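Below is one structure; the comments refer to it alone.
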Amino acid sequence: MSKIYVNGSQTGQTFSPNFNLNSLLSNTVVQRSNDDVVKVQLTEPGVYYITKTICFCCNLIIEGCEGAIIEVKFSTANDYSDDSFLEFMNIYQGVHHRRNIVIKNIEFKINNSHFWSSSYPSFYFLKFYASGSVHIDNVKMRLDGHPITNFDFRECWNVVIENYLLENYHENVQETNLGGVIWFSGNVKNVKIVNNILKKAGNDELLAFFGHYLDDTNVVVPDDEKPPLYLCKKDNIIVKNNIIVYKRPVTTGTDYSNDCLVVLCDRDTINPSSQGTKQYLFENIIFESNNFIINDHCRSIFNTKFEEQTILRNVCYQNNNIEVGDFNVNGGYVSVFSLNNKFPGIDTIYEISGNTLYNKAEIKNFANVEDQNNLPALFFLIQNGGKVSVKGNITRISEDTKFKKIRFLWNNYFTNKTIIENNDLEGLFILGSLDCAPNYSLTCDLLIKDNIIKGDTRIYCYNLTDMALTFDGNHIESYHDVIALQDGAGSIFNYINNHVVVHEPISSFYYSSNSHNIDSCCVANNVFENLPSNAMNIFNNNVTSTVQVVQNNIQL
C-alpha cells in the first residue's frame with residue numbers, strides 16, 4: 001500500500017492505484033507552510049489521479065516505483081480553470097521560504113479525453129516558485145495535443161533534472177499559447193540538466209532561460225536575494241549529455257516550424273515594457289556534449305537575444321553534435337547559433353567550440369525555388385554584436401548541392417568581434433557576410449586563423465564603417481574568387497601565411513564591383529595553387545591603400 005510520511009513518521013490513510021490524491025494531499029500537505037518534510041511514497045505500480053490543482057508549500061518528496069503514474073483527470077469535461085496542475089509555491093507575503101523538492105520514479109500524464117478553458121496566458125503541468133532545491137530523477141512526461149509547458153521554474157535555485165524522458169507534441173498550431181518543455185524565469189543558480197531525452201514538436205521553446213519574473217500577484221525578488229547591480233542573474237547552469245530531438249509530428253501537411261529551440265533571453269515573462277531599465281548577468285553557462293537531432297524547420301537552435309543591457313561571462317557551447325535531417329524549407333532559414341546584442345559597450349563574450357554540424361536538409365530563403373536571388377539559408381552563426389570565439393568546430397553536408405550548403409557567419413546590425421580558429425569547415429556556400437543594414441553603423445574585427453576551409457571561402461563586406469579582417473595560416477580550397485570586399489572604409493586587411501588551392505579557374509584573388517580603399521593592407525607569405533598569373537595584379541588595381549605590402553607569395 002502507498003503511504004504518506006511527515007518528518008519520517010507515517011500519517012493518514014494508506015492508498016492504492018486508482019486513488020484520487022486531491023483530498024488526501026490537500027489535508028496532509030497543502031496546510032503545511034513550515035519546515036516539515038512530507039514524503040508521498042507510491043509503492044504499487046498503477047495510476048493515481050489528481051482532478052484539480054494541488055499547491056505544495058512544504059519540503060516535499062514524491063517517490064514512485066516502476067510503473068507508478070500520476071494522471072490528471074478532470075472531474076467533469078472542460079472544467080479546468082487554473083494555469084497548472086501541480087504547483088510548488090514557496091512564497092508567503094512576498095518572502096521566499098526556499099523549500100526543497102524531490103520527484104523521482106514517476107510518470108505524469110494528462111487524460112486526453114478532457115481539455116480545459118482558462119483566462120491565464122500560459123499553462124503548465126508542474127510549476128515551481130522560489131524553491132531552495134529541486135531534484136527530478138527518472139521522470140517521464142509526454143504531452144500530446146495540449147498547448148502546455150511541461151516544467152516551469154520561477155526564482156528557483158539548485159535544480160537537478162536527470163535521467164528522464166520528456167516529450168511535448170502539441171498539434172494545435174492555431175492556439176496563441178503553444179507550450180514548451182523546460183522554462184526558467186527570474187534569478188536562477190546552480191542548475192544541472194543532464195542525461196535526459198527531450199523531444200519537441202510545434203512552436204515555443206524546448207529549453208528557455210527568460211528574464212526577471214513578475215506575475216499577477218506582484219511577487220518580486222526580496223531585496224536580500226537580489227544580486228548586486230543586477231535585477232536578474234543566471235549563474236552556474238550546465239546542460240550536458242542530453243539527446244534533444246525536434247521531431248516532425250505524426251500529422252503532416254501543417255506548418256509546425258519552431259521559432260527558437262534553446263533560448264537565453266532577457267525578456268520579462270509578463271509586461272516587460274512597464275518595468276524600466278534593467279541589467280542582466282548570464283554567467284558560467286555551459287551547453288556541452290548534447291546531441292541535437294533537428295527533423296523539422298527550427299529557425300534558431302541556440303538563440304541568445306538581449307533587449308536590455310546584458311552581460312555574458314563564460315557562456316560556452318562546446319562539443320555538441322547537431323544533425324539537421326532530411327527535410328525541405330521553402331521561404332525560411334535555420335541558424336545553429338544566434339547572438340543578438342545591440343549594446344556594443346556591454347561585455348558579451350561567449351564561446352562556440354568543438355561542435356559538429358552535419359546538414360541533410362534543403363533550406364531556401366525564398367519560397368520560389370527559381371528566384372534568382374534564392375540562396376541556401378542554413379547559418380552556422382548569426383552574430384549581431386558581442387564577442388564570440390569560434391574554435392575547433394566541424395561542418396559537413398550530405399550532398400554538394402546548392403541548398404544543402406552552409407553559410408557560416410552573418411552579421412548586419414551591430415558591432416562584433418569574432419575569432420574563427422582551428423575549425424574544419426566543408427560544404428560552405430560562403431564563409432561570411434558582413435552586410436550593414438540601412439541606418440546602422442557596423443564595425444567588425446574578424447580573425448580567421450589556422451582553419452581548414454573548403455567551398456566558397458569569401459568574406460563579403462558591404463558598407464562597413466570600419467573593418468579589421470585577418471586571414472592567417474589557413475588551408476583554403478576555393479571554388480570562387482578568394483576574397484570579396486566592398487565599401488569597407490577605414491579598414492585593415494591582412495592575408496598572410498595561407499595555403500590556397502583554387503579548384504576552378506577564376507579571374508582574381510580579389511573581387512569587388514567597386515574600387516576599394518583599405519587603410520592598411522598586407523598580402524604576404526602565401527602559397528597559391530592554380531591561381532591565374534595576373535590575379536595579384538588585378539588585386540592591386542582594384543585596391544588603394546595608405547600602407548600596402550604584397551610580397552613573398554608563391555604561385556604554383
Side-chain angles (χ1 to χ4, degrees), residues 140-151 161 164-173 175 177-184 193 195-210 239-265 287-305 317 320-338 352 355-364 376-382 395-398 403-404 406:
K140 296 179 181 179
M141 184 190 297
R142 174 168 177 151
L143 303 179
D144 287 286
H146 293 277
I148 185 171
T149 296
N150 299 64
F151 293 166
I161 302 173
Y164 72 82
L165 172 62
L166 199 58
E167 300 173 275
N168 190 308
Y169 300 127
H170 62 69
E171 296 185 6
N172 187 353
V173 297
E175 291 287 341
N177 307 299
L178 298 179
V181 180
I182 305 173
W183 289 358
F184 290 84
I193 302 173
N195 300 322
N196 305 288
I197 299 175
L198 310 177
K199 296 183 178 182
K200 181 79 169 69
N203 205 1
D204 256 354
E205 297 82 0
L206 180 146
L207 174 61
F209 296 88
F210 296 128
V239 182
K240 184 175 182 179
N241 292 335
N242 301 284
I243 297 173
I244 297 175
V245 182
Y246 184 65
K247 181 179 180 181
R248 185 182 295 273
V250 175
T251 305
T252 59
T254 307
D255 181 10
Y256 288 96
S257 62
N258 186 281
D259 183 18
C260 304
L261 199 64
V262 177
V263 173
L264 298 182
C265 180
F287 291 86
E288 181 178 1
S289 301
N290 301 287
N291 188 20
F292 286 80
I293 302 170
I294 309 300
N295 289 323
D296 211 337
H297 184 200
C298 176
R299 194 181 71 178
S300 294
I301 298 172
F302 295 99
N303 185 277
T304 307
K305 184 177 181 180
Y317 304 89
N320 300 285
N321 181 68
I322 302 104
E323 182 174 314
V324 181
D326 187 8
F327 60 90
N328 295 327
V329 175
N330 292 318
Y333 71 88
V334 175
S335 65
V336 178
F337 300 97
S338 180
I352 300 170
N355 304 285
T356 299
L357 169 62
Y358 180 61
N359 181 49
K360 300 179 183 179
E362 289 194 356
I363 303 172
K364 312 168 185 67
L378 173 61
F379 297 86
F380 183 84
L381 171 61
I382 295 178
T395 64
R396 296 290 188 268
I397 58 176
S398 61
F403 294 112
K404 291 189 177 182
I406 299 165

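Keep in mind that this is a model prediction, so the values were computed, not measured. The basis for the numbers below is simple: all heavy atoms, side chains too, and nothing from hydrogens, waters or symmetry mates. Positions are given from 1 along the sequence.
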message: Using 0.5 Å steps for rounding, measure from the CG atom of Asn195 to the NZ atom of Lys240.
response: 9.0 Å

query: Residues in side chain to side chain contact (heavy atoms under 4.5 Å, CB included) with Lys199, at least two apart?
result: Glu167, Tyr169, Ile197, Val245

query: What are the two closest heavy atoms between Tyr246 and His297, and how far apart are they?
result: CE2-O, 3.6 Å

query: Between Asn303 and Ser300, what is the shortest heavy-atom contact and its length?
result: ND2-OG, 3.5 Å

field: Side-chain touch Ile294/Leu261, heavy atoms, less than 4.5 angstrom
entry: yes

message: Applying the side chain to side chain contact (heavy atoms under 4.5 Å, CB included) criterion to Ile363, which one of Val329, Asn328, Asn330, Ile406 satisfies it?
response: Val329

statement: One should read off an interatomic distance between Tyr358 OH and Ile293 CD1, to the nearest 0.5 angstrom, of 13.5 Å

- request: Would you indicate whether the side-chain heavy atoms of Asp204 and Trp183 approach each other to under 4.5 Å?
  value: yes

field: Beyond-backbone contact of Lys140 with Arg142, side-chain heavy atoms, under 4.5 angstrom
entry: no

message: As an exercise, state the distance from OG of Ser338 to CZ of Phe380, rounded to the nearest 0.5 Å.
response: 12.5 Å

- prompt: Sequence neighbours excluded, which residues qualify as side chain to side chain donor-acceptor pair (under 3.5 Å) partners of Asn242?
  reply: Asn196, Asn290

- prompt: Do you know which two heavy atoms are closest between Asn320 and Ser289, and how far apart they sit?
  reply: OD1-N, 3.4 Å

With sequence neighbours excluded, residues passing side chain to side chain contact (heavy atoms under 4.5 Å, CB included) with Val181: Asn150, Leu166, Asn168, Lys200, Leu206

query: Partners of Asp326 by side chain to side chain contact (heavy atoms under 4.5 Å, CB included), sequence neighbours excluded?
result: Lys360

message: Below 30° counts as parallel, above 60° as perpendicular, anything between as tilted: where do the rings of Phe292 and Phe302 land?
response: perpendicular

Distance, nearest 0.5 Å, that separates CD1 of Ile397 from CG of Leu378: 10.0 Å

message: Are Val262 and Tyr317 packed together at the side-chain level, in the sense that at least one heavy-atom pair is separated by less than 4.5 angstrom?
response: no

statement: Applying side chain to side chain donor-acceptor pair (under 3.5 Å) to Asn321 and not counting sequence neighbours gives Asn291

- request: Among Ile382, Ile301, Asn355, find the one that has a side chain to side chain contact (heavy atoms under 4.5 Å, CB included) with Phe337.
  value: Asn355

statement: Residues passing the side chain to side chain donor-acceptor pair (under 3.5 Å) test with Lys404, sequence neighbours excluded, are Glu399

